[in-house]
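Here's the structure, in structure tokens; my notes come after.
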Amino acid sequence: VQLQASGGGLVQAGGSLRLSCATSGRTSNKYHVGWFRQAPGKEREFVSVIRWFDDDTYYADSVKGRFTISKNSAKNTVDLQMTSLKPEDTALYYCVARSTASFRVTLSKEVNVYRHWGQGTQVTVSS
């Protein structure tokens with residue numbers, strides 16, 4: 001699976017950005033696609049994930065209510081709509097994916113279950 005992230009940029013606090021992850025090479029719908037982020041000097045942090053099969057979603061508490069993940073099956077993309085952005089959202093955002101053995105595997109926030117990683121896209125939120 002190949003992942004291509006785009007949409008990062010510089011925005012003021014309270015603003016919005018939309019990230020997009022273009023996926024290719026999937027051979028089934030048994031996939032979870034999501035986002036992690038990493039700020040300078042910090043570990044990679046789970047943001048959100050969506051199950052391709054049924055659009056079930058999972059969010060980190062830090063972004064719940066502000067970020068929305070969605071997929072476009074026709075375009076094979078997964079978007080992350082980010083609103084009410086805060087300076088602490090500043091990070092390099094990575095698109096990730098994992099294949100699963102069955103359709104109803106539980107969505108996970110653990111970094112080591114995601115085998116596929118795209119290049120990061122920078123999000124900077126100024127105060």
Side-chain angles (χ1 to χ4, degrees):
V1 175
Q2 291 76 47
L3 306 169
Q4 182 74 35
S6 61
L10 173 64
V11 65
Q12 288 188 332
S16 300
L17 276 176
R18 189 177 187 91
L19 305 183
S20 186
C21 176
T23 73
S24 61
R26 284 188 305 109
T27 57
S28 77
N29 285 336
K30 297 178 199 173
Y31 266 89
H32 302 172
V33 181
W35 296 88
F36 276 72
R37 66 187 182 186
Q38 187 168 23
K42 295 189 176 182
E43 294 185 350
R44 289 187 180 183
E45 174 190 24
F46 169 76
V47 176
S48 182
V49 65
I50 188 166
R51 185 187 292 122
W52 200 271
F53 167 64
D54 60 4
D55 289 359
D56 193 16
T57 59
Y58 179 31
Y59 295 92
D61 288 343
S62 59
V63 307
K64 199 174 296 183
R66 299 188 299 122
F67 291 9
T68 303
I69 192 169
S70 62
K71 81 169 202 292
N72 185 319
S73 296
K75 296 182 178 180
N76 284 322
T77 59
V78 170
D79 290 350
L80 185 70
Q81 179 67 48
M82 305 184 294
T83 63
S84 301
L85 283 162
K86 305 175 182 180
E88 51 263 43
D89 294 318
T90 295
L92 193 59
Y93 282 69
Y94 294 93
C95 180
V96 301
R98 67 178 292 205
S99 62
T100 60
S102 66
F103 284 111
R104 296 197 180 277
V105 171
T106 301
L107 297 170
S108 174
K109 63 180 181 179
E110 301 301 322
V111 63
N112 58 2
V113 307
Y114 294 93
R115 178 181 176 183
H116 307 284
W117 289 72
Q119 92 292 356
T121 185
Q122 180 68 38
V123 172
T124 303
V125 184
S126 62
S127 57

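Along the sequence shown, residues carry numbers from 1.
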**Report entry** Qualifying residues under side chain to side chain contact (heavy atoms under 4.5 Å, CB included), relative to Q4, sequence neighbours excluded
**Finding:** A22, Q119
Identify all side-chain donor-acceptor contacts of residues 53-63 below 3.5 Å with residues at least two apart in sequence or on another chain.
from	atom 1	to	atom 2	distance (Å)
D54	OD1	R51	NH1	3.2
D54	OD1	D56	N	3.1
D54	OD2	R51	NH1	3.0
D54	OD2	R104	NH1	3.4
D55	OD1	K71	NZ	2.3
D56	OD2	R51	NH1	3.2
Y59	OH	I69	N	2.8
D61	OD1	K64	NZ	3.2

Report summary line: Tested for side chain to side chain donor-acceptor pair (under 3.5 Å) against S20, the lone hit among T77, N72, D79 is D79
For residues 120-127, which side-chain donor-acceptor pairs fall under 3.5 Å, sequence neighbours excluded?
from	atom 1	to	atom 2	distance (Å)
T121	OG1	G8	N	3.1
Q122	NE2	A91	O	3.4
Q122	NE2	T124	OG1	3.4

**Report entry** Nearest atoms (heavy-atom pairs only) where K42 meets Q38
**Finding:** O-NE2, 3.0 Å
Report task. Group every Ile, Leu, Val, Met, Phe, Trp and Tyr by side-chain heavy-atom contacts under 4.5 Å, then state whether I50 and V47 land in the same group. Result -> yes
Report task. Please answer: with hydrophobic residues joined when any side-chain heavy atoms are less than 4.5 Å apart, are Y94 and L80 in the same cluster? Result -> no
Query raised in the report: Quick one: side chain to side chain contact (heavy atoms under 4.5 Å, CB included) partners of S28, sequence neighbours excluded?
Result: K30, Y31
Requested in this report: Please collect all disulfide bond (SG atoms under 2.5 Å apart) contacts where either partner lies in residues 53-89, sequence neighbours excluded, each pair once.
Outcome: none
Query raised in the report: Between W35 and V78, is any pair of side-chain heavy atoms under 4.5 Å apart?
Result: yes
Query raised in the report: With sequence neighbours excluded, what pairs up with T83 under the side chain to side chain contact (heavy atoms under 4.5 Å, CB included) test?
Result: S16, R66, Q81
Query raised in the report: Can you list every disulfide bond (SG atoms under 2.5 Å apart) pair that touches residues 45-111, not counting sequence neighbours?
Result: C21-C95
Considering only distance and modelled atom types, tabulate donor-acceptor pairs under 3.5 Å from the side chains of residues 105-117, sequence neighbours left out.
from	atom 1	to	atom 2	distance (Å)
S108	OG	E110	N	3.0
Y114	OH	S108	O	2.5
W117	NE1	Y114	O	2.8

Query raised in the report: Do you reckon V33 sits in the same ILVMFWY cluster as V49, going by side-chain contacts under 4.5 Å, direct or chained?
Result: no
Report task. Could you tell me which non-hydrogen atom of A97 sits nearest to which non-hydrogen atom of V1, and how far apart they are? Result -> CB-CG1, 4.5 Å
Requested in this report: List in chain and number order the residues that pass side chain to side chain donor-acceptor pair (under 3.5 Å) with T100, two or more places apart in sequence or in another chain; answer none if no residue qualifies.
Outcome: none
Query raised in the report: Can you check whether F46 and F36 have ring centres sitting under 6.0 Å from each other?
Result: yes
Report summary line: Sorted by chain and residue number, the side chain to side chain contact (heavy atoms under 4.5 Å, CB included) partners of E88 (sequence neighbours excluded) come out as K86
Query - Value rounded to 0.5 Å, distance of CZ in R98 from NE2 in H32 - result: 5.5 Å
Report summary line: By side chain to side chain donor-acceptor pair (under 3.5 Å), S102 pairs with (sequence neighbours left out) none
Report summary line: Residue set satisfying ring pair (Phe, Tyr, Trp, His ring centres under 6.0 Å) with Y93, at least two apart, ordered chain then number -> none
